[in-house]
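The next block holds one structure in the form of structure tokens; read it before the comments.
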Amino acid sequence: MPPRGLRYRETPPRAAAARVVSAYWAFDVAELPSPDFVHRVWPDGCASLLIACVGPQAVASVIRGATRDAFDVPVVPGTRYRGIRFRPEWGAYLLGARAADLRNRNLEAYTLLGDEVRILAAAVAHTTNDGDVHALFDGWIEQRMQYLGPARDGVDANAVSQAVSLLMQSNGQLRVSEVAAACGVNPRTLQRRFVDAVGLTMKQFAQVRRARGMLRRSVEEQRPERFGWAQVAAESGYADQAHLSREVTRHMRLTPARVQDRLAEIEHEGLVD
């Protein structure tokens with residue numbers, strides 16, 4: 001196979017940022033697979049900060065809220081995209097917004113973060129080494145945490161963080177009642193706090209994480225090619241292959257086979273989340 005012109009990679013956050021960040025990511029666009037190619041971003045249930053760079057210039061800084069549906073983004077050859085995927089329960093808080101106001105939206109980052117994001121973006125654009133970019137992200141997150149203070153601490157916040165972790169670790173295969181019992185919180189109370197922090201219901205978030213687990217298996221282990229979609233469905237927590245096909249088509253707007261084709265157009269490296 002000839003070298004692919006799209007390269008995506010993820011890196012775990014350093015210890016100081018791990019409480020609030022799921023992953024740092026990078027997407028390099030050298031050339032497009034076809035002239036009419038439009039990149040499709042798979043849902044992850046998280047808010048993200050994206051910085052687009054061309055040479056030493058930052059050309060865009062965008063905040064994307066949590067979503068359960070894939071969305072299309074035109075990408076330009078020669079552009080480097082660098083980003084922070086926040087933990088679901090922390091993104092809106094760190095960005096100074098309500099999770100409900102970010103849900104399913106792309107926002108110019110300056111509208112929420114002001115000059116600090118322009119300073120960060122300019123520094124990222126002048127840096128080509130991933131480790132240096134991550135150090136810049138670490139420093140910015142530390143400053144945001146100091147500025148915002150410990151308002152996210154407390155029993156409710158800890159329960160939401162535990163619920164998020166359980167759903168992520170299980171790839172969305174736990175029931176809401178099971179998660180609430182594990183957290184020791186009334187299900188209705190946990191549901192309300194979860195939506196306030198994440199912007200999605202627990203059921204919606206579980207659907208997103210189930211699909212994301214399936215996508216990761218497809219990328220890292222080539223499960224569909226090796227074992228077929230019926231086994232992938234069973235491993236991913238779907239009732240059967242038809243259930244997988246319905247949910248994937250609804251939320252990705254592509255059939256599972258077309259999703260697999262899309263994933264094959266991108267070189268993936270070091271997936272974390």
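Residue numbers start at 1 and run along the sequence shown. Every value quoted in this text rests on a predicted model; they were computed, and no experiment measured them.
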Residues pairing under side chain to side chain donor-acceptor pair (under 3.5 Å) where one sits in residues 36-46, two or more places apart or in two chains, turn out to be S34-D36, R40-D72, D44-R85
Hey, does T189 have a side-chain heavy atom less than 4.5 Å from the side chain of R192?
yes
Within the 4.5 Å heavy-atom criterion, are H251 and D69 side-chain neighbours or not? yes
Margin query: Once you measure the plane-to-plane angle for F137 and Y24, does it fall in the parallel (<30°), tilted (30-60°) or perpendicular (>60°) bin?
Written below: tilted
Rounded to the nearest 0.5 Å, the CD atom of Q173 sits from the CZ atom of R209 at a distance of 12.5 Å
Side chain to side chain, V185 and R193, heavy atoms closer than 4.5 Å: no
Residues L167 and A206: closest non-hydrogen pair is CD2-CB, 4.2 Å
**Prompt:** How about R87 and S165: do any of their side-chain heavy atoms sit closer than 4.5 Å?
**Reply:** yes
When every non-hydrogen atom of A159 is compared with those of C183, the smallest separation belongs to O-SG, 3.7 Å
> Is the closest side-chain heavy-atom distance between R19 and W90 below 4.5 Å?
Replying inline: yes
| request: Side-chain contact test, heavy atoms from C-beta onward, threshold under 4.5 Å: evaluate it for M214 versus W229 and give yes or no. | output: yes
Discussion item. Applying side-chain contact (heavy atoms from CB on, under 4.5 Å) to Y81 and Y8, what does each step give before you reach the verdict?
Written reply: CA-CA 9 Å; Y81 300 87; Y8 176 81; over 6 Å; no
**Message:** Let's go through F27 and T79 carefully: what are the C-alpha distance in whole Å and the side-chain angles of both, what is the deciding distance for side-chain contact (heavy atoms from CB on, under 4.5 Å) to 0.1 Å, and is it a yes or a no?
**Reply:** CA-CA 9 Å; F27 185 46; T79 306; over 6 Å; no
Of all heavy-atom pairs linking A70 and R253, the shortest is O-NH1, 2.7 Å
- Item | Aromatic plane relationship, W140 with F86 - under 30° parallel, 30 to 60° tilted, over 60° perpendicular | tilted
One should read off an interatomic distance between L113 CG and I119 CD1, to the nearest 0.5 angstrom, of 11.5 Å
**Asked** Do S218 and V259 have side-chain heavy atoms sitting under 4.5 Å apart?
**Response** no
Q.
Quick check on the hydrophobic clustering: are Y147 and I141 connected, directly or via other members, by side-chain heavy-atom contacts under 4.5 Å?
A. yes
Scanning both residues in full, the closest heavy-atom pair of P13 with V21 reads CG-O, 3.3 Å
Between M252 and A211 the two heavy atoms that sit nearest each other are CE-CB, 3.7 Å
Would you check if I51 and S61 make a side-chain contact, meaning some heavy-atom pair closer than 4.5 Å? yes
To the nearest 0.5 Å, atom OG of S48 lies from atom CG of N106 at 10.0 Å
To the nearest 0.5 Å, atom CE of M168 lies from atom CG of L166 at 11.5 Å
Residues passing the ring-ring contact (aromatic ring centres under 6.0 Å, His included) test with H126, sequence neighbours excluded, are none
The reported gap from CD1 in I266 to CG in D28 (rounded to nearest 0.5 angstrom) is 12.0 Å
**Shared hydrophobic cluster for V117 and L112 (ILVMFWY, side-chain gaps under 4.5 Å)** = yes
One should read off an interatomic distance between R175 CZ and M202 CE, to the nearest 0.5 angstrom, of 13.0 Å
